[in-house]
**Student:** 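Before I ask anything, here is the structure I am working with.
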Amino acid sequence: MKNIFITLTTALTLLFSVTSCHSDLDQSPIDPDSFTEEDVFANATEAKSALAKVYASLALTGQNGPAGQPDLGNIDEGFSQFSRMLFNLNELTTDNAVVAWGDAGLQDLHGMYWTASNDFTDAMYNRLAQTVSFSNSFIENAERLNDPVVTQYIAEARFIRAYAYYNLIDMYGNVPLVTRIETTLPMQSTRAEIFNFIEAELLDIQNDLAASGANEYGRVDRVASWALLSRLYLNAEAWTGTARYNDCITFSNNVMTSTYALHTTDLNANGTAYDELFLADNGSNGAQNEFIFALNFDGLNSQTYGGSTFLVHAAVGGSMNPNDFGVNGGWGGLRTTSALVGKMGANDKRAMFYSNGQTLEIANIRRFTDGYAVTKFKNVTSTGQRGRDASGNFVDTDVPLIRLSEIYLNYAEATLRGGNGSLTEALNRINQIRARAYGNTTGNIASSALTLNFVLDERARELFWEGQRRTDLVRYNYFTTNTYLWPFKGNAPSGSAVGGFRNLFPIPSNTLQVNSNLTQNPGY
């Protein structure tokens with residue numbers, strides 16, 4: 001399906017209320033007499049529709065299309081969408097992106113001077129907590145059906161919950177672990193305890209999930225559990241102090257030998273196979289065979305001011321022609337820094353930048369023409385047609401959260417960090433990625449060039465603007481230190497180090513006021 005959550009009726013959202021993680025989320029019931037819990041969980045067919053809301057918690061923002069009845073209060077609804085906030089916290093804080101807008105707290109992110117009352121770090125915490133709550137509610141109700149078909153649905157909801165917790169410990173460290181709907185304020189768990197929970201969940205559900213490639217597009221299968229384990233184990237040493245690189249290699253191998261494959265067939269004579277991963281038909285042009293976990297968008301049926309609508313509109317400005325991107329106008333916000341541009345080889349097709357009227361170096365972050373624009377995401381198909389929304393307001397392009405090429409990079413890094421992988425295999429996988437990027441083997445590297453820093457740079461080239469850069473820099477101890485600087489890091493034009501405590505975001509101040517069981521992260 002293009003969007004599993006399109007089938008969800010508005011009334012179903014009544015059933016999912018955030019209780020334990022946060023009591024300050026703003027949700028308003030809609031005609032509470034029109035639909036009951038018994039209706040939703042009457043059978044497997046109805047439960048499948050309820051599962052759609054769990055997926056939708058990462059893609060949409062409320063009950064009324066793009067705006068009007070938000071799931072979260074106290075922030076602009078479009079800002080609160082998950083992948084938009086993932087971009088803000090994991091890309092805008094790094095060498096990959098800057099933004100021209102002056103919304104309160106937004107410039108704090110690239111300048112790395114955010115506080116515990118920052119609207120964006122607050123909203124992400126609440127969004128992830130809400131996803132956990134929606135998942136818990138679905139699991140608890142669906143378990144009562146005792147239906148083998150629903151067992152798979154429960155496994156999918158457990159995956160979404162594990163993914164939410166992965167992001168919570170990545171960004172916030174010690175957070176509450178809540179697996180049931182509760183009415184008491186939760187205690188704070190350690191990062192290691194949450195890590196162990198995520199690991200145990202993903203291992204436990206793998207055989208309950210659909211076989212590789214056997215689920216509907218837009219829903220996860222067991223390969224997603226292996227891929228998230230690969231990512232989890234890669235970060236284990238940075239997060240818990242215990243290296244798990246052998247485990248990373250094991251589950252990376254599971255993914256690499258599954259039915260998923262790199263998209264290498266160029267359907268667009270004017271583009272590349274790589275650019276088709278980020279076009280309006282990426283759910284059907286072959287790119288979907290590389291997407292292990294993605295958020296599906298449809299410009300008519302799943303409208304939001306986050307998601308790919310944000311990634312396309314916000315990156316268009318200056319002398320750029322919005323029609324070339326399948327939209328009706330640009331928001332003149334997002335660009336990149338010279339640090340990312342400089343990592344691209346001369347013939348690397350992933351260098352998707354717009355430089356006409358743009359300066360390479362940034363003198364004024366608030367000026368759109370300072371810094372190259374990025375042309376990676378578009379609302380046009382492989383054949384050059386605009387997405388389904390004829391007005392050009394909303395975008396069809398799906399947003400990948402886990403792609404196969406990331407797992408190739410995980411395998412290579414874990415091997416170089418001392419894991420029991422094969423350096424020959426690692427080199428082969430890296431060169432497969434680069435052969436697609438160059439269109440031939442001219443970009444392939446020799447074994448002597450395969451170093452940890454090369455892999456980090458290759459991750460930047462392959463995965464930029466896909467929500468992983470901050471996590472990568474933290475793992476390499478580059479995010480806050482002076483080992484690696486980029487323009488306006490630490491709010492200095494040439495870049496400067498910041499306190500190491502900024503490897504984590506703060507627990508939101510208003511959350512601490514509500515729950516006295518929680519302790520703030522050091523430094524805030």
Side-chain angles (χ1 to χ4, degrees), residues 3-32 34-35 49-50 52-89 101 103-106 109 117-138 160 164 167-168 171 181 295-311 313-314 331 333 389 393-395 399 467 505 508-511 513-514:
N3 294 96
I4 179 67
F5 46 79
I6 290 174
T7 62
L8 181 69
T9 63
T10 300
L12 290 183
T13 59
L14 291 174
L15 303 182
F16 304 95
S17 60
V18 176
T19 56
S20 53
C21 286
H22 292 282
S23 61
D24 60 343
L25 301 184
D26 183 11
Q27 291 186 297
S28 300
I30 305 168
D31 189 10
S34 66
F35 222 78
S49 293
K53 180 59 182 180
V54 180
Y55 279 96
S57 69
L58 296 175
L60 304 181
T61 56
Q63 332 299 334
N64 189 36
Q69 291 180 309
D71 287 334
L72 300 181
N74 303 321
I75 190 171
D76 177 272
E77 184 172 344
F79 283 154
S80 75
Q81 191 269 334
F82 167 72
S83 64
R84 179 168 178 170
M85 289 190 295
L86 186 67
F87 180 94
N88 285 341
L89 298 192
W101 307 326
D103 302 271
L106 191 59
L109 297 177
S117 59
N118 182 278
D119 287 346
F120 300 95
T121 60
D122 180 299
M124 179 59 116
Y125 190 94
N126 286 319
R127 176 63 69 189
L128 291 168
Q130 187 177 68
T131 293
V132 169
S133 184
F134 286 177
S135 301
N136 286 343
S137 181
F138 176 84
I160 299 295
N167 284 283
L168 281 165
M171 296 178 180
I181 296 299
L295 300 181
N296 296 355
F297 292 99
D298 180 299
L300 296 179
N301 296 305
S302 57
Q303 296 179 347
T304 172
Y305 289 110
S308 51
T309 293
F310 161 72
L311 289 171
H313 278 282
W331 298 349
D389 178 15
N393 283 317
F394 299 101
V395 173
V399 175
F505 294 113
S509 295
N510 58 12
T511 299
Q513 293 170 4
V514 170

**Student:** Please answer whether the main-chain N or O of Asp71 pairs with a side-chain N or O of Gln130 as donor and acceptor at a distance below 3.5 Å.
**Tutor:**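 Yes: the side chain of Gln130 pairs with the backbone of Asp71.
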**Student:** The criterion is side chain to side chain donor-acceptor pair (under 3.5 Å); which residues satisfy it with Glu77, sequence neighbours excluded?
**Tutor:**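 By the side chain to side chain donor-acceptor pair (under 3.5 Å) rule, Glu77 matches Thr61.
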**Student:** Side chains of Phe505 and Asn118: closer than 4.5 Å at any heavy-atom pair?
**Tutor:**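 A side-chain contact under 4.5 Å is absent here.
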**Student:** Specify the closest pair of heavy atoms between Ser302 and Asp298, including all atoms of both residues, with the distance to one decimal.
**Tutor:**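 For Ser302 and Asp298, the tightest heavy-atom pair comes out as OG-N, 2.7 Å.
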**Student:** Tell me if a side-chain donor or acceptor on Trp101 pairs with a main-chain N or O of Trp331 at a distance below 3.5 Å.
**Tutor:**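 Flag set: sc Trp101 to bb Trp331 pair under 3.5 Å.
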**Student:** Grab the two heavy atoms, one from Ser57 and one from Phe134, that are nearest each other, plus how far apart they are.
**Tutor:**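 Shortest heavy-atom separation between Ser57 and Phe134 comes out as CB-CD1, 3.5 Å.
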**Student:** Could you grab the distance from atom CG of Asn126 to atom CG of Asn74, nearest 0.5 Å is fine?
**Tutor:**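 Rounded to the nearest 0.5 Å, the CG-CG separation comes out at 8.5 Å.
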**Student:** Looking only at heavy atoms, which two atoms of Gly307 and Val399 are closest? And how far apart?
**Tutor:**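 Reported closest heavy-atom pair: C-CG2, 4.2 Å.
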**Student:** Should Tyr125 and Leu168 be marked as a side chain to side chain contact (heavy atoms under 4.5 Å, CB included) after you check the CA-CA gap, both sets of side-chain angles, and the distance that decides it?
**Tutor:** CA-CA 7 Å; Tyr125 190 94; Leu168 281 165; 4.2 Å; yes
**Student:** Among all residues two or more places apart in sequence or in another chain, which pass the side chain to side chain contact (heavy atoms under 4.5 Å, CB included) test with Met124?
**Tutor:**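 Met124: side chain to side chain contact (heavy atoms under 4.5 Å, CB included) contacts with Phe82, Met85, Leu86, Leu89, Leu128, Met171, Tyr172.
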**Student:** Going by the rule side chain to side chain donor-acceptor pair (under 3.5 Å), which residues pair with Ser308 if we only count those two or more places apart in sequence or in a different chain?
**Tutor:**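 If we apply the side chain to side chain donor-acceptor pair (under 3.5 Å) test to Ser308, skipping adjacent residues, there are no hits.
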**Student:** Working to the nearest 0.5 angstrom, can you tell me the gap between Phe79 CZ and Asn88 CG?
**Tutor:**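 Phe79 atom CZ to Asn88 atom CG measures 8.0 Å (nearest 0.5 Å).
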**Student:** To the nearest 0.5 Å, how far apart are CZ in Phe120 and OG in Ser80?
**Tutor:**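 Rounded to the nearest 0.5 Å, the CZ-OG separation comes to 10.5 Å.
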**Student:** Is a side-chain N or O of His313 found less than 3.5 angstrom from the main chain of Asn393, in a donor-acceptor match?
**Tutor:**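 Looks like yes, one N/O pair under 3.5 Å.
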**Student:** In Å, rounded to the nearest 0.5 Å, how long is the span from CG of Asp122 to CG of Asn510?
**Tutor:**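 Those atoms lie 4.5 Å apart.
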**Student:** Quick one: list whatever passes ring pair (Phe, Tyr, Trp, His ring centres under 6.0 Å) with Phe87, sequence neighbours left out.
**Tutor:**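 Partners of Phe87 by the ring pair (Phe, Tyr, Trp, His ring centres under 6.0 Å) criterion, ordered by chain and then number, come out as Phe310, Trp465.
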**Student:** Testing the basics here: between Ala59 and Phe297, what is the closest heavy-atom pair and its distance to 0.1 Å?
**Tutor:**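 The answer is O-CE2, 3.5 Å.
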**Student:** With Ser83, which residues qualify under side chain to side chain donor-acceptor pair (under 3.5 Å), at least two apart?
**Tutor:**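 Side chain to side chain donor-acceptor pair (under 3.5 Å) list for Ser83, sorted by chain: Gln81.
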**Student:** Determine the minimum heavy-atom distance between Tyr305 and Arg84, stating which atoms define it.
**Tutor:**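 Nearest pair, atom of Tyr305 first, then Arg84: O-NH1, 2.8 Å.
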**Student:** Quick one: does Ser135's side chain have a donor or acceptor within less than 3.5 Å of a partner on Thr131's backbone?
**Tutor:**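 Yes, the answer is positive, given that a donor and an acceptor are paired below the 3.5 Å cut-off.
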**Student:** With sequence neighbours left out, write down each residue that passes side chain to side chain donor-acceptor pair (under 3.5 Å) with Ser117, or none if nothing qualifies.
**Tutor:**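 By the side chain to side chain donor-acceptor pair (under 3.5 Å) rule, Ser117 matches Thr115.
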**Student:** Who passes side chain to side chain contact (heavy atoms under 4.5 Å, CB included) against Asp119, sequence neighbours left out?
**Tutor:**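 With sequence neighbours excluded, Asp119 shows a side chain to side chain contact (heavy atoms under 4.5 Å, CB included) to Ile75, given in chain and number order.
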**Student:** Over all heavy atoms of both residues, which pair between Asp389 and Gly299 is shortest? Give the atoms and the distance, please.
**Tutor:**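 Looking at all heavy atoms of both residues, the closest pair is CB-O, 3.6 Å.
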